[in-house]
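Below is one structure, written out as structure tokens, with a few remarks after it.
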Amino acid sequence: MGKLRVQSTRPPDAAAASLHLAALLQSCGRAGDIRRGRALHAHLLLSGAAIASTFLANHLITMYSHCTDADSAVRVFSAVPRPNHVSWTTLISGLAQNSMHRDALAAFAAMRRADVSPTQFALSSAARAAAALSAPRPGAQLHCVGVRIGFDTDLFVASSLAGMYSKCGLLDEACRVFDQMPQKDAVAWTSMIDGYAKNGSLKAAAVAFRDMKCEGLVAADQHVFCSALSASGGLKDGWLGRSLHCCIIKAGFELESVVRNALVDMYAKSGDLENASRAVKIDPGGWNVVSGTSLIDGYIETDCVEEALETYTELQRQGVEPNEFTFSSMIKGCAMQALLEQGSQLHTHVIKKSLIRDSFVVSTLVDMYGKCGLASLSINLFNETEYPTEIAWNAVINVYAQHGHGREAIQAFDSMTSSGIRPNHITFVSLLTACSHAGLVDEGLNYFYSMKDKHGIEPKEEHYSCIIDMYARAGRLDEAEQFISEMPIEPNAYGWCSLLRACWMQGNKELGQVAAQNLMKLEPHNTGIHVSLSGIYASLGQWEDVKAVRKLMRDSRIKKMPGFSWVDCNKKTHVFGSEDWSHPQQEQIYKKLEELSERIKEEGYVPDTSSLPLNIEDSAKERLLRYHSERIAVAFALISMPATKPIIVKKNLRICVDCHSALKLICKVESRDIIVRDNSRFHHFVKGRCSCGDYW
DNA sequence: TTAGGGTTAG
């Protein structure tokens, strides 16, 4: 068809014919019609004289680039005898458009070696390639070239340079380029707003948006609003988000797909799930995968996994196929709640949809199986990953950490670094946790100090808290105290909590009181602080102090939350309270608990009543401990679930020290893996041991 | 004939 049309409409002279062919090539490029483009190319080759024209060759390069056939574009360029500046620019831009960023930068260098002076077109395309590669060095070289030839303040060059610097995390440089621009348009503003937002300078992003509005020279377009919404979501600033929403409605962008997706995400990240849900549903074209996934993620981030599961079902009912983002969010939700069955089903769907190679998806699966107690399955899945990324390495190191395999975590860390993957601050949280749980204090300290010295990573509060936890678990309270006194920042709640528990275990009243006071400042409603404090006093027999803590709790209207444990069995959730005999199978459960009690005593179990700050007989305390909700849940699971399945129990409070000891022995005598996810962490009981050691 | 910006994940 294309060939016939060319022949039938051929204009009378050669110049006009060239223009006509160029217009046809342009239309093919715009339409992405490579079949017709190739027919035109064949026609040019046959017509001999025309192919010698650099003008038409340049059009061919553009056409192939727009049709995403960069190889053909390069072949055409290579055949041009004397490529001019447009040929070079077209090639560089075509390579950048087709994500061949290294080739684009190499073409820019080759153009300079060929003594062809760069145009503003070539500079902006090459800067885009440097931005995509996060390569500030070649980017800065491009900036120098721009300054030398006077294009550095050109609207296109400057906005792409500002974008390049901000994508490389160099906000000061980006700002300098931006400020020197004689005029700015919406693209330039978007580069800056987005640059701030993506680099975590969320307030600066919001200020830039306000500045743009105050200047009143440029109207915000869809892209500007998307970047501003992204910053607003990160700030969790509902007021700013709602103001942006009003501006968007006024500007008439509310129903634009990308803007609505950004709106949903903003509301979801701000925790306003009602408005997020409303924004998803106003789509006249039905749901879409991006906004649906943002809503799911919003529910998961606010611990509403049930609603996330419902939204996932609704998304599919609306005919929308979940993508890799949806799966990684959903699997994360299953990991948080230790929902092994739903997580395994999602794994099957991931395989069916060929998304198992996606780094985020595989990492969340590794994490999910780890949190559901299936460490070997998790590690096998990681080992099958051909090119594990930093995220996947972090996931597997964390699995080792959570399962108490400190040496294996260290080995994984060494393999990660020797394979050329750079660790980040998350890697070190997992690695230090692994050292802490396994009692590897010297190794943990070495890694902690190597963070800054060897890897250039400034330790944050979570890393400092890992070291406090490490000393606390090892019973080295003096060193923990010394470490805290030398810290450049205050410990966070996790750090004080670790210290408080260790003080309870060792009966260290003075340090325990310091930890409790600091923890109360950070978490005034944490009832666990009072429980721990009274535990310390009770362990020392100081019953008057126990009474004083109870009075303080009464006066402050702090009530200890009743403990509940629940277990999923045969697609049904069974909930148990302490001394709760309301379950239909109560007789069998009671019988099993009595049997377990005898068997673990034979294994050396001695009740630890220190967690009960009550001045009552030990035999009465023993009875209370025996019927704690987690033990009832485990007994129920043992008589109800197939022996091949791990037992996963969830508890709303922290597991007590006695249940911790008892469950270690129950898992041993029953040869069953037991996982207890309490309100603080996962405890994996395997072969008579717990992943967190003796420190519950 | 050739150019720059945007929305979902650990």
Side-chain angles (χ1 to χ4, degrees), chain A residues 18-19 22-23 25-26 29 53-63 65 84-94 96-97 119-128 131 151 154-164 166-167 185-195 197-198 221-230 233 256-266 268-269 288-298 300-301 322-332 335 358-364 366-367 389-395 398 424 426-427 430:
Chain A
S18 276
L19 284 173
L25 284 167
Q26 271 183 331
S53 155
T54 305
F55 173 78
L56 282 174
N58 294 347
H59 272 288
L60 273 170
I61 297 167
T62 309
M63 181 275 294
S65 298
N84 60 18
H85 67 274
V86 180
S87 319
W88 281 105
T89 304
T90 311
L91 176 73
I92 295 162
S93 129
Q97 278 164 20
T119 59
Q120 59 271 56
F121 300 97
L123 273 167
S124 51
S125 290
R128 180 185 172 185
F151 285 144
D154 171 87
L155 179 64
F156 280 68
V157 175
S159 60
S160 48
L161 283 172
M164 178 275 296
S166 68
K167 283 194 177 73
D185 64 0
V187 178
W189 280 106
T190 308
S191 288
M192 283 314 295
I193 296 167
D194 201 57
K198 293 253 164 55
D221 67 4
Q222 297 183 38
H223 304 300
V224 173
F225 279 124
C226 283
S227 298
L229 286 168
S230 168
E256 292 293 337
S257 178
V258 282
V259 177
R260 203 187 45 261
N261 293 346
L263 262 175
V264 173
D265 191 57
M266 178 275 294
K269 284 205 169 70
N288 75 65
V289 71
V290 177
S291 58
T293 301
S294 288
L295 183 60
I296 286 172
D297 206 55
I300 285 168
E301 288 300 320
N323 67 11
E324 62 274 33
F325 289 78
T326 327
F327 282 117
S328 66
S329 288
M330 288 299 301
I331 296 162
K332 181 184 164 193
D358 182 89
S359 169
F360 281 97
V361 172
V362 83
S363 304
T364 48
V366 167
D367 181 57
T389 60
E390 164 205 75
I391 308 162
W393 279 110
N394 287 353
N398 199 43
N424 62 15
I426 298 170
T427 321
S430 301

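Values below: every heavy atom of this structure, side chains too, minus hydrogens, waters and symmetry copies. Remember, predicted model here, so these are calculated numbers, not experimental data.
- For A:T427, the side-chain contact (heavy atoms from CB on, under 4.5 Å) partners at least two apart in sequence or on another chain are A:N394, A:I397, A:F413, A:M416, A:P423, A:N424.
- Counting only distance, with no hydrogens or angles, the side chain of A:S363 and the backbone of A:A392 share a donor-acceptor pair below 3.5 Å.
- One atom, CZ of A:F151, and another, P of B:dG4, lie 16 Å apart when rounded to the nearest Å.
- Between B:dT2, B:dG5, B:dT8, one nucleotide has an atom nearer to the side chain of A:H223 than all others, and that is B:dG5.
- In this structure, A:L295 places its CG atom 15 Å from C1' of B:dA9, rounding to the nearest Å.
- Using a 4.0 Å heavy-atom cutoff across all strands shown, A:A131 reaches no nucleic acid atom at all.
- Taking every heavy atom of both residues into account, A:T190 and A:H223 meet most closely at CG2-O, 3.8 Å.
- Residue-level contact check: A:S363 touches neither bases nor backbone, having no heavy atom under 4.0 Å from any strand.
- Comparing B:dA9, B:dT1, B:dA3 by their closest approach to the side chain of A:H59 singles out B:dT1.
- Atom CD in A:Q120 sits about 13 Å away from atom P in B:dG4, given to the nearest Å.
- Looking at A:D367, its side chain has no donor and acceptor atom pair within 3.5 Å of the base of B:dG10.
- At least one side-chain nitrogen or oxygen of A:K332 sits closer than 4.0 Å to the OP1 or OP2 atom of B:dG10.
- Among the nucleotides B:dG5, B:dG10, B:dA9, the one closest to the side chain of A:I391 is B:dG10.
- At B:dT2, none of the side-chain N or O atoms of A:Q97 fall inside 4.0 Å of OP1 or OP2 (strictly under the cut-off).
- The CD1 atom of A:I331 sits 15 Å away from the C1' atom of B:dT8 (whole-angstrom rounding).
- Residue-level contact check: A:D265 touches the backbone only, with heavy atoms under 4.0 Å from sugar-phosphate atoms and none from bases.
- Among the protein residues, A:I296 comes within range of no part of the nucleic acid, since none of its heavy atoms lies under 4.0 Å from any strand.
- For the atom pair OG (A:S160) and CG (A:D154), the distance works out to 8.0 Å, reported to the nearest 0.5 Å.
- Looking at A:S191, its side chain has no donor and acceptor atom pair within 3.5 Å of the base of B:dG5.
- You cannot call A:F121 stacked on the base of B:dA3; the centres under 5.5 Å and planes under 30° rule is not satisfied.
- A:D358 comes within 4.0 angstrom of a nucleotide base, judged by non-hydrogen atoms across all strands.
- Here the straight-line distance linking atom OG1 of A:T62 with atom CD of A:Q97 works out to 8.5 Å at 0.5 Å rounding.
- Taking atom CG on A:L56 and atom P on B:dT2, their separation rounds to 13 Å, with Å as the unit.
- For A:S124 against B:dA3, a side-chain-to-base donor-acceptor contact under 3.5 Å is present.
- Side-chain N/O atoms of A:K167 include none lying less than 4.0 angstrom from OP1 or OP2 on B:dG4.
- For B:dG5, the OP1/OP2 oxygens have no side-chain nitrogen or oxygen of A:K198 closer than 4.0 Å.
- A:N58 comes within contact range of at least one nucleobase, with a heavy-atom separation under 4.0 Å.
- Within 4.0 Å of A:I426, counting heavy atoms only, lies no atom of the nucleic acid at all.
- At the heavy-atom level, A:V259 lies nowhere under 4.0 Å from the strands shown.
- In this entry the distance linking CZ of A:R128 with C1' of B:dA3 reads 9 Å, nearest Å.
- With sequence neighbours left out, the side-chain contact (heavy atoms from CB on, under 4.5 Å) criterion links A:T119 to A:H85, A:T89, A:F121, A:A122.
- Among the nucleotides B:dA3, B:dT1, B:dG5, the one closest to the side chain of A:V187 is B:dG5.
- For the pair A:N424 CG and B:dG10 C1', the interatomic distance rounds to 9 Å; values are reported in whole Å.
- Within the 4.0 Å cut-off from OP1 or OP2 of B:dA3, not a single side-chain nitrogen or oxygen of A:S160 is found.
- A:E390 comes within 4.0 angstrom of a base, heavy atoms only.
- Defined by atom type and a distance below 3.5 Å, a donor-acceptor pair is missing between the side-chain atoms of A:D297 and A:S294.
- Comparing B:dT8, B:dT2, B:dA3 by their closest approach to the side chain of A:T89 singles out B:dT2.
- Comparing atom distances between the A:D154 side chain and each of B:dT8, B:dA3, B:dT1 picks out B:dA3 as nearest.
- Nearest nucleotide to the A:F360 side chain, out of B:dG4, B:dA9, B:dT1: B:dA9.
- Taking atom CG of residue A:D221 and atom C1' of nucleotide B:dT7, one finds them 13 Å apart after rounding to whole Å.
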